[in-house]
Every structure is written in structure tokens, then in C-alpha cells.
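Please read the structure below before turning to the comments.
What you see is a predicted model, and the numbers here were worked out from it, not measured in a lab. Each residue takes its place number in the sequence, starting with 1. Just so you know, these numbers use all the heavy atoms, side chains as well, and skip hydrogens, waters and symmetry mates.
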Amino acid sequence: MSASEFGVSEKADESAEDSPEAGLPRLVDFDEVDPGVLRSGAGLKKWRQTAAGVLPAGLAEMDFPVAEPVREGLRRLLGEGLLGYPYWPDGSPLREVFAERMAKRYDWRPQPGPVREFATVTQGVHLALHLGTEPGDAVAVHTPVYGPFRDGLARMGRRLVPIPLHDTPQGWAWDPDLLAKAVADSGCRALVLVNPHNPTGRMFHRAELLQLAELAERHDLLVISDEIHADLAHAPHHHIPFASLGPEIEQRTVTLTSATKAFNLAGIRCAVGHLGPARLRAAVDEQPVELYGAVNVLGVHASLLAWTEGDAWLAAVRRHLAGVRDRLTATLADRLPGIAHHPPEGSYLAWLDCRALGWGKDPAARFRERGAVELGPGPGFGPGGHGFVRLNFATSAAVLDELLDRLVHCVAAEEPAC
């Protein structure tokens with residue numbers, strides 16, 4: 001079934017990036033954020049799990065309403081009153097739309113045939129590791145790392161081979177020689193790549209990716225590339241899909257992504273993966289149907305609408321995120337010099353180094369207890385996370401300012417103890 005048969009346009013508006021307002025039914029004001037509404041809404045875990053009076057900035061959800069084309073498209077679908085079993089004999093229409101989007105935005109031209117649907121990117125990562133490696137195998141991952149990936153490795157009995165990201169004047173970087181030695185010494189079988197990186201916000205350059213590609217080929221590594229934040233690159237940075245580096249690399253790479261982060265659709269539980277390795281693809285197809293969960297018709301439809309009709313909204317939200325990111329950077333430099341950070345090159349997540357404050361391994365606990373701000377605790381990101389917090393700045397300028405004021409007052413009140 002094609003995307004047009006599914007009720008959405010066949011291709012995204014080619015002019016969307018050049019003319020961000022094109023196709024928008026109304027101007028979007030991302031500063032119209034009402035914390036009271038967010039806290040009372042049923043679909044925002046970030047706000048509802050946080051105690052009254054505490055500002056949340058930890059969980060990776062945006063505070064903005066879903067793009068109008070997505071909302072209107074879902075209203076049309078529900079208006080038809082037909083929510084039976086979908087008929088997708090050749091897979092969902094997301095497969096073709098994903099392939100078209102990769103070609104249009106990133107100059108990578110994958111075939112839709114190797115694409116499969118998953119409930120979440122995390123599910124896709126875990127399934128690829130489960131079927132593509134064995135218990136006891138070593139898996140290389142940049143650290144600090146998104147907590148569920150690290151926990152998943154431990155639960156499946158895989159050994160973590162850290163690729164430590166080091167703070168340099170130019171930003172977060174790793175030592176390729178140390179990585180090559182660690183991979184060789186551990187007998188590493190796979191690499192989990194998170195690009196843009198969570199939590200540091202690094203977007204890896206072509207030269208860095210080519211180093212990883214050479215290493216993967218030399219040691220015959222399965223590469224599992226989480227690229228869920230790719231659409232949220234901040235200029236002048238640009239995302240490079242790992243599988244786009246060449247046919248040989250594509251054939252050993254699982255590329256996973258979703259519309260959920262860039263379009264604030266976390267609850268739809270829908271993701272896609274391009275399974276380059278033929279043996280892994282066959283192993284996935286041999287699994288019992290729905291053993292690992294499956295996407296639903298509303299999730300597929302919302303993703304299609306986002307990827308085919310939402311680029312104007314995406315361009316507008318990227319402009320807003322760039323503005324609040326710069327606001328965060330300026331405030332930290334001016335009012336919180338004891339907190340170091342590199343402005344993220346992609347995503348809406350800032351990785352803040354609070355070690356100079358002398359608050360121990362989990363400064364998020366003190367910010368929560370004494371500043372009424374909920375941040376992502378650094379220790380939850382494993383090696384390299386002690387003394388750090390992750391801050392989500394996908395909100396309005398007013399909410400961000402209040403949040404930063406609380407951080408400033410908290411640090412000022414604690415300075416005698418530092």
C-alpha cells in the first residue's frame with residue numbers, strides 16, 4: 001500500500017525547508033506554553049510524574065502541541081470510524097516513505113525492502129542485539145550512554161566496551177587509537193552508535209564516522225545506529241546516516257529512527273529500522289508474529305503524516321529550539337560559570353558538567369530538593385555521567401528562564417558549602 005492510498009500525500013513538500021511557513025494552517029508560536037495545561041494533560045509523562053511546584057526538564061519530551069497536519073490527519077482517520085486490522089501485505093507504507101525521506105534529506109537512497117517496523121527505537125536496538133549477538137559478546141558504545149541501552153546490554157548478558165567521550169576545547173571527542181585497542185582486546189562483535197549522541201548532543205562528522213566504518217569492517221562488527229534525533233540538527237551541523245557511507249557499510253548496519261522525537265509523538269510507539277545485514281533481516285522475519293510487540297494503525301498514520309506533511313512545522317520548531325539553546329548557553333556563561341557545557345549540535349538536550357560545584361556524583365538530586373527543578377541525573381547514563389545533569393530545553397523561553405533562575409538561586413544558596 002502506498003502512502004497516498006493511506007490518506008497522506010506521496011512526498012513531503014519539497015519547499016518546506018526553504019520556506020518553513022509553507023503549508024502551515026496558522027503560525028506556530030512555541031512560546032505559548034501553559035505549565036498548568038501540561039501538568040493536567042494525560043499524555044505528558046514529563047510533567048505528570050513531577051511533583052507540584054517542581055519544573056521538569058529531564059525526560060525527553062517537548063512541551064509543544066503536535067503539528068497541526070498530524071492532528072488534522074488523525075481527526076480525519078477517526079472521523080471515518082474504521083479502525084480494523086490494517087492490510088499491509090508488503091509491510092506498512094512507512095517503508096517507502098522512510099526510503100524517500102532519507103534520499104531527500106540525507107542523500108542516502110536505501111531500498112524500502114529491508115525496512116521493518118518496530119514499536120520503539122529501543123526495541124529495535126534490543127532485538128538487533130538479541131538476534132545479532134550472543135550472550136557474553138562484547139558491544140562497543142560511546143559513553144555516557146542512554147540508560148535503557150546500557151541496561152539492555154546488562155540484562156542480555158552482553159559486555160559493554162566503553163568508548164569514552166572526552167571533553168575537549170572543540171567539544172566531545174573520543175580517542176580512535178584507544179577505541180581500536182579496546183575493540184581488538186575485547187573481541188568486540190557489535191557497535192551501538194547513537195548519532196546525534198544522547199546525552200552530549202554531538203553530531204559525528206564524516207571523518208569520525210569513516211573511522212568507525214573502517215573499524216567495523218576490519219573486525220566484522222554489526223553496527224546498530226540509533227538516529228532518532230537526526231531531524232533536530234542545529235546549523236551548520238548536518239546529519240550523516242552511517243549506512244550512507246557505502247554499500248559495504250549499509251550491509252552491516254541497522255539504521256533505526258522514528259518521528260517521535262522531532263515531532264513530539266513519544267506516545268505513538270512507532271519506529272522503523274533499515275536492516276542492512278541479510279542474515280539479521282531473515283532472523284527478524286523468522287520470529288513469531290508480534291512476539292516483540294508491533295506498531296498500530298494510529299502510530300503508522302501519525303508517522304506518515306509527520307514525515308510527509310510536517311516539514312514546515314519541523315523547520316519552525318528547529319528555529320525555536322536554536323533560539324532557546326542560545327538563550328541557555330548565554331545564561332550559563334553569564335550567571336552560572338561553575339557549570340560547563342558544549343552547546344548541543346543536535347537534539348534539544350544539554351549535557352551540563354556540574355563537577356566544579358562540588359555536589360558529588362548526582363547534582364540533579366540537589367537541584368530537585370533545593371531548587372525545585374527536575375533534571376536528568378548523570379549517573380543514569382553510566383560511565384562518564386557522575387557530576388553531570390541532562391537538561392531538556394524544548395520549552396518556551398519563559399519556562400526556560402524560570403528554570404534557569406531556579407538553577408542560579410540554588411547554586412548561589414549553596415556556594416558557601418562548595
If you measure from the Lys or Arg side-chain nitrogens to the Asp or Glu carboxylate oxygens, is any gap between Lys261 and Asp231 under 4.0 Å? no
Tell me if the aromatic rings of Tyr348 and Phe393 count as close, with their centers under 6.0 Å from one another. no
Side chains of Tyr106 and His239: does their closest heavy-atom pair fall under 4.5 Å? yes
Would you say that Leu400 contacts Arg327 through its side chain, given a criterion of any heavy-atom pair below 4.5 Å between the two side chains? yes
For the student: nearest non-hydrogen atoms of Arg95 and Asp90, plus distance: NH1-O, 3.5 Å
I'd like to know whether Leu129 forms a side-chain contact (heavy atoms from CB on, under 4.5 Å) with Leu153, so could you lay out the CA-CA distance, the side-chain angles of the two residues, the decisive distance to 0.1 Å, and finally the verdict. CA-CA 8 Å; Leu129 286 170; Leu153 286 172; 3.6 Å; yes
Over all atoms of both residues, closest heavy-atom pair of Cys188 and Ala140: SG-N, 3.5 Å
Thr50 side chain to Lys46 main-chain N or O, any donor-acceptor pair under 3.5 Å? yes
Within-4.5 Å side-chain heavy-atom neighbours: Ile249 and Val223: no
Is there side-chain contact between Leu94 and Val115, with heavy atoms separated by less than 4.5 Å? no
Just checking, is any N or O donor in the side chain of Ser186 or Arg159 under 3.5 Å from an acceptor N or O on the other one? no
Side-chain heavy-atom pair Leu336, Val408 within 4.5 angstrom cut-off: yes
Salt bridge present between Asp285 and Arg116 (N-O < 4.0 angstrom): yes
Hey, could you give me the OG1/CG distance between Thr331 and Asp401, rounded to the nearest 0.5 Å? 6.5 Å
Looking at Asp137 and Glu134, would you say the former's side chain and the latter's main chain have a donor-acceptor pair under 3.5 Å? yes
Who are the side-chain contact (heavy atoms from CB on, under 4.5 Å) partners of Val295, not counting sequence neighbours? Trp88, Glu117, Cys270, Val300
How about Gln111: does its CD atom have over 12 heavy atoms from other parts shown lying under 6.0 Å from it? no
Shortest non-hydrogen contact between Ala128 and Ile224, atoms and distance: CB-CD1, 3.6 Å
Please assess Leu83 against Leu78 for the test side-chain contact (heavy atoms from CB on, under 4.5 Å), listing each intermediate value before the final yes or no. CA-CA 8 Å; Leu83 291 176; Leu78 293 173; 3.8 Å; yes
Test side-chain contact (heavy atoms from CB on, under 4.5 Å) applied to Leu165 and Thr143, step by step: CA-CA 6 Å; Leu165 288 169; Thr143 55; over 6 Å; no
Would you say Gln251's side chain and Gly276's backbone share a donor-acceptor pair under 3.5 angstrom? no
Calculate, to the nearest 0.5 Å, the distance between atoms NE2 and CG belonging to His409 and Leu404 respectively. 11.0 Å
Pairing of Asp311 and Lys104 as salt bridge, 4.0 angstrom limit: yes
Drop me the distance from Ile228's CD1 to Ser258's OG, to the nearest 0.5 angstrom. 4.5 Å
How far apart are the closest heavy atoms of Gly53 and Ala372, and which atoms are they? O-CB, 3.6 Å
Ionic contact status for Glu208 with Arg202, cut-off 4.0 Å: yes
Going by side-chain contact (heavy atoms from CB on, under 4.5 Å), Val254 matches just one of Pro114, Pro277, Ser225. Which one? Pro277
Provide the full list of ring pair (Phe, Tyr, Trp, His ring centres under 6.0 Å) pairs with a residue in residues 124-149, sequence neighbours left out, each pair given once. His142-Trp174, His142-Phe204, Tyr146-Phe149
Would you give the length of the straight line joining atom CD1 of Ile339 to atom SG of Cys354, rounded to the nearest 0.5 angstrom? 4.0 Å
Does a side chain donor of either His386 or Asp362 reach within less than 3.5 Å of an acceptor in the other side chain? no
So, the side chain of Arg390 versus the backbone of Leu375: is there a donor-acceptor pair under 3.5 Å, distance only? no
Does the Gln287 side chain pair with the main chain of Ala283, one donor and one acceptor, at a distance under 3.5 Å? yes
May I have the step-by-step check of salt bridge (Lys or Arg N to Asp or Glu O under 4.0 Å) for Glu80 and Arg76, ending in yes or no? CA-CA 7 Å; Glu80 295 172 1; Arg76 289 197 303 268; over 6 Å; no
Between Glu214 and Arg218, does any side-chain N to carboxylate O distance fall below 4.0 Å? yes
Quick check: closest heavy atoms across Gly201 and Ser347, and the distance to 0.1 Å? CA-OG, 4.4 Å
Steps toward side-chain hydrogen bond (donor to acceptor under 3.5 Å, both in side chains) verdict (Thr395, Asp63): CA-CA 5 Å; Thr395 188; Asp63 288 346; 2.7 Å; yes
Taking the ring centre of each residue, are His274 and Trp108 less than 6.0 Å apart? yes
Please confirm whether Trp313 and Phe30 have ring centers closer than 6.0 angstrom. yes
Would a distance-only check, ignoring hydrogens and angles, find a side-chain to backbone donor-acceptor pair under 3.5 Å from Glu345 to Met203? yes
Does any non-hydrogen side-chain atom of Leu349 lie less than 4.5 Å from one of Leu391? no
State whether the number of non-hydrogen atoms from other residues, nucleotides or ligands found under 6.0 Å of Arg279 atom CZ is greater than 12. no
If you count every heavy atom of other residues, nucleotides or ligands that lies below 6.0 Å from Arg39 atom CZ, does the total exceed 12? yes
Has Arg189 got a side-chain atom pairing as donor or acceptor with Ala138's backbone, closer than 3.5 angstrom? no
So how far is it from Leu321 CG to Phe64 CZ, rounded to the nearest 0.5 Å? 5.5 Å
Taking CZ in Arg75 as the centre, count heavy atoms belonging to other residues, nucleotides or ligands within less than 6.0 Å. Is the count above 12? yes
Between Arg105 and Asp107, does any side-chain N to carboxylate O distance fall below 4.0 Å? no
Between Arg71 and Val66 (side chain of the first, backbone of the second, donor and acceptor by atom type, cut-off under 3.5 Å), is there such a pair? yes
Answer whether the closest heavy-atom distance between the side chains of Asp226 and Leu193 falls below 4.5 Å. no
Residues Leu209, Asn195; criterion side-chain contact (heavy atoms from CB on, under 4.5 Å); working and verdict: CA-CA 10 Å; Leu209 296 175; Asn195 183 34; 4.1 Å; yes
Which pair of non-hydrogen atoms, one from Leu74 and one from Leu305, has the smallest distance, and what is that distance? N-CD1, 3.8 Å
Hey, could you give me the CG/CD1 distance between Leu178 and Ile163, rounded to the nearest 0.5 Å? 11.5 Å
Please check: side-chain N/O of Arg158 versus main-chain N/O of Thr133, any donor-acceptor pairing under 3.5 Å? yes
How about Asp31 and His320: do any of their side-chain heavy atoms sit closer than 4.5 Å? yes
Checking Asn392 side chain against Leu59 main chain: does a donor-acceptor pair fall under 3.5 Å? yes
Once the angle between the rings of Phe98 and Trp307 is folded into 0 to 90°, is it parallel (under 30°), tilted (30 to 60°) or perpendicular (over 60°)? tilted
